Amino acid sequence: EKEPSGVFVCGWIVNCFWTLDIGVSLITGFHRETQLEVRWRSIIEFYMTRWFFFDVLVVLPDWIFLFFQYDENLEDGLSTLRVLKVIRFLRLMRLVKLKRLIGDVLEGMNSDFSRAQRALASMRLSALMAMIFLAMHIIACMWFLIGDSKHGWAAELRNGDLAERYWVSLLWSLSHLQGSTCMADLQTGERIYVAVVMLISLALTGLFIASTTNKLQEGVDFARDLTSQRSALRAFAQRNRTSPELCVQIRQHLEAQMISRDTHSRDERLLKLLSPGLYKDLLFQMRGGTCSRHVLFDFLGARNSRFFRQMCSEGFETNTWQVGETVFCAGDACKHFRFVKTGCFKYIHSSILHTQGVKTRVRGTYGGYTRSNFEADGAAATFASSNNLLGEWEERAQTLTEGNYISEACLWTLWECCGLCVSSEEGTMYTMNTETFREVVTQYPEVLWMSVLYARQFVLKLNKTPMTDLLEPPQVSEWEPEAIDVVHSEDQDLPWEEELPSHISKHVARAAVKLAQLIASEGLDENRPHHGFTVIVGDEEKLATCGRAGFNPFQGHDLRLVNSQGQMDKDVFDTLRRNAFHGDGAITLDSQTGKVIASGWFVGDIRLGGSAGGARSRSAKAIAQQAGNCYVIKASEDSRGKVILHLGTNVQPFSGKLKE
């Protein structure tokens, strides 16, 4: 018998959907362990070895029957082959893949529960009802199959059309959900089937009632919590005479927080299951990409991945901001450096507000503000009461989106916020407390050293530009000494000449710099190239406690690089050029007399030099901070007159000519 036209059309739609699913599966990537695989060859191999033959087996029988219906002779010839109808039960295998598709949808909705909570609950309830209806459909089909015999209950319906027989069977199966049935005029096999169906229906009815009650109870609990919060807020406001505007803002905040409460509780339960190492790796993956947008953190992450991993996992907290909520106001003491992860935020400088003749310390909300609103002192604003967050200043506000950062200055100096920052849509920020940052940085000497260099350049730039919370960081070339190669044509003063410690003579330091520049630019005697070197100017007695030399050809001699006129002695220079720069180790000079202490000298403890760079670079950084601070000149193997100067934690490239 031919199927009704509606059933026939639905069959075509369903078959087209599952056939297109095969094509889509051939272009859909997959995860291999922890990596996303998107190569065509790998995708095809993966699909062919797992789902392809299953999908073909599911789709093929229906296509065969649909095409058979176009040929009546072929259909009549196969009508006796009832076994082909049994093959159509292979369509039930679709449920296996349908379950997987539904699971993917639910997983996607679970990833943003705060926004999709109601839709997710409705979908789960609908899925339960669909499952019950599917069970009733299968029971109805089996009921008709059992009764479709000469003496069965469906004998009198044999002459009816397919739709009539189906609806009679479906109505019979659905009636069991309310416990009603008819046992009269049934055969033994039919009665047994009815008894089994009643048990199944009882279980399904209980499942539906339990699930529905659970969903309703969740809504009741949420409403009860919200009502109790509102009651407590109302009582608190009456006791403390809180303004109605502030109560509305707090109520909105509580409602928003309660909606996202389930998400946070689920995340916490998940994270507690992870080991400390996996937990840090997870936070590093979550936060690393955003934090590396900053030039300093990107640089430090490349130099010291362990520090960057610890900073991402321990240095940041995640804060959620609702629409219209104020992040900070002008004049607030700032102790947090913030990265925008999601959402959109608006920043307006206090100077813009001052030009309008209003104060920036505010109370209340920003949308639809009058001038009196801004002039009132009090707590910072929380929520906006309209879509226009900043009113007439909206167009002049700067926009912060994913990857932008604000209030960096608080990491390097005492800082007060210079403007107003408001969330224009729901979003999240990664927030770093200044104390936490210092605790992490001080655990890594090299990172601390680089951070000090960066901080100095940042503060210099800060002092030269108008005060703002959105100051762009200095470029790497301005604070990483080995990242630049600047040549100065004009004569220059000795770097840090006015800051030299009392035990370092400026004449000795100048002579040492000239010595290093001549060797770096002209090479050794007989036009031999140098292979990199370090000259250390420091107190002889203190240096003896910080390192030692192997073979020292200058021991017992009294060669002084500085003559009685305070200039570099050319004879001593020639001696050093021939004998002091051939081996490993540094050349050490007494910082008061210019006496050549040793060559081939090695630092005993280079931990202050960090872990990046070569041994010579780390040794130079380390000894510059020891022996009461030393003046250290380092030249690399490929140097052509450029040297790197160190004094304590100060570092500076130098390639110019010293003033006489």
Side-chain angles (χ1 to χ4, degrees), residues 240 242-243 246 249-250 253 291 294 296-297 311 314-322 324-341 343 345-356 358-366 369 373-384 389-390 393 397-398 400 404-424 427-442 451-452 454-474:
N240 297 276
T242 307
S243 65
L246 184 58
Q249 297 160 18
I250 296 175
H253 180 77
C291 299
H294 191 281
L296 174 63
F297 295 144
M311 185 193 70
E314 299 180 7
F316 287 95
E317 295 180 351
T318 303
N319 298 122
T320 302
W321 304 91
Q322 305 300 322
E325 193 172 359
T326 299
V327 180
F328 58 76
C329 297
D332 286 347
C334 183
K335 294 185 178 181
H336 294 93
F337 176 38
R338 295 179 170 93
F339 283 90
V340 178
K341 174 58 179 176
F345 297 80
K346 297 289 185 178
Y347 174 80
I348 183 169
H349 196 271
S350 59
S351 61
I352 298 176
L353 299 176
H354 282 305
T355 59
Q356 305 293 329
V358 297
K359 296 181 179 180
T360 58
R361 188 66 178 175
V362 300
R363 178 180 64 196
T365 58
Y366 289 100
Y369 254 56
N373 293 125
F374 281 100
E375 292 174 348
D377 289 331
T382 53
F383 278 85
L389 297 174
L390 297 172
W393 299 278
Q398 296 174 268
L400 302 176
N404 295 140
Y405 40 86
I406 191 169
S407 303
E408 180 192 354
C410 69
L411 296 180
W412 317 117
T413 185
L414 292 176
W415 188 251
E416 290 184 359
C417 298
C418 300
L420 169 70
C421 184
V422 185
S423 59
S424 59
T428 57
M429 281 184 169
Y430 293 147
T431 303
M432 173 184 286
N433 182 275
T434 55
E435 294 299 326
T436 304
F437 176 72
R438 293 189 183 99
E439 290 176 3
V440 176
V441 167
T442 52
S451 299
V452 170
Y454 174 87
R456 287 174 176 166
Q457 295 301 319
F458 184 91
V459 173
L460 287 175
K461 185 175 182 178
L462 183 65
N463 292 332
K464 296 177 182 178
T465 57
M467 303 287 278
T468 176
D469 297 293
L470 292 178
L471 182 67
E472 287 294 323

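These numbers come from a predicted model, not from an experiment.
To the nearest 0.5 Å, atom OG of residue S407 and atom CE of residue M432 are 13.0 Å apart. Annotation: the span from K335 atom NZ to C417 atom SG amounts to 12.0 Å, rounded to 0.5 Å. In this structure, CD on Q398 lies 10.0 Å from CG on N404, to the nearest 0.5 angstrom. The CD atom of E472 sits 9.0 Å away from the CD atom of E408 when rounded to the nearest 0.5 Å. Distance check: T326 OG1 to K346 NZ gives 14.5 Å after rounding to the nearest 0.5 Å. One distance of note links CG of L471 with CD1 of I406; it measures 11.5 Å at 0.5 Å rounding.
The shortest side-chain heavy-atom distance between L470 and L400 falls under the 4.5 Å cut-off. Residues E317 and H336 are not in side-chain contact: their nearest non-hydrogen atoms beyond the backbone lie 4.5 Å or more apart. With a 4.5 Å cut-off on side-chain heavy atoms, Y405 and F297 do not count as touching. Between F328 and C334 the shortest side-chain heavy-atom distance does not fall below 4.5 Å. In this structure, F437 and F337 have side chains that are not in contact, with every pair of non-hydrogen atoms separated by 4.5 Å or more. Using a 4.5 Å heavy-atom threshold, the side chains of T318 and Y430 count as touching.
Looking only at distances, no side-chain donor or acceptor of T431 sits under 3.5 Å from a matching main-chain atom of R338. For S423 (side chain) and E325 (main-chain N/O), a donor-acceptor pair under 3.5 Å exists by modelled atom type.
Shortest non-hydrogen contact noted between T436 and G315 is CG2-CA, 3.7 Å. Taking every heavy atom of both residues into account, C418 and Y347 meet most closely at C-OH, 3.6 Å. Of all heavy-atom pairs spanning H294 and L296, the tightest one is ND1-N, 3.0 Å. Taking both residues in full, the closest heavy atoms of V340 and M429 are given as CG2-CE, 3.9 Å, listed atom of the first, atom of the second, then distance. Residues C410 and T434 share a closest heavy-atom pair of O-CG2, 3.2 Å. Residues V441 and S451 share a closest heavy-atom pair of CG1-OG, 4.0 Å.
Scored by the salt bridge (Lys or Arg N to Asp or Glu O under 4.0 Å) test, E416 finds no partners at all (sequence neighbours excluded). Here W415 pairs with D469 under the side-chain hydrogen bond (donor to acceptor under 3.5 Å, both in side chains) rule; sequence neighbours left out.
Taking the six-membered ring for Trp and thresholds of 30 and 60 degrees, F458 and W412 have ring planes inclined between 30 and 60 degrees apart.
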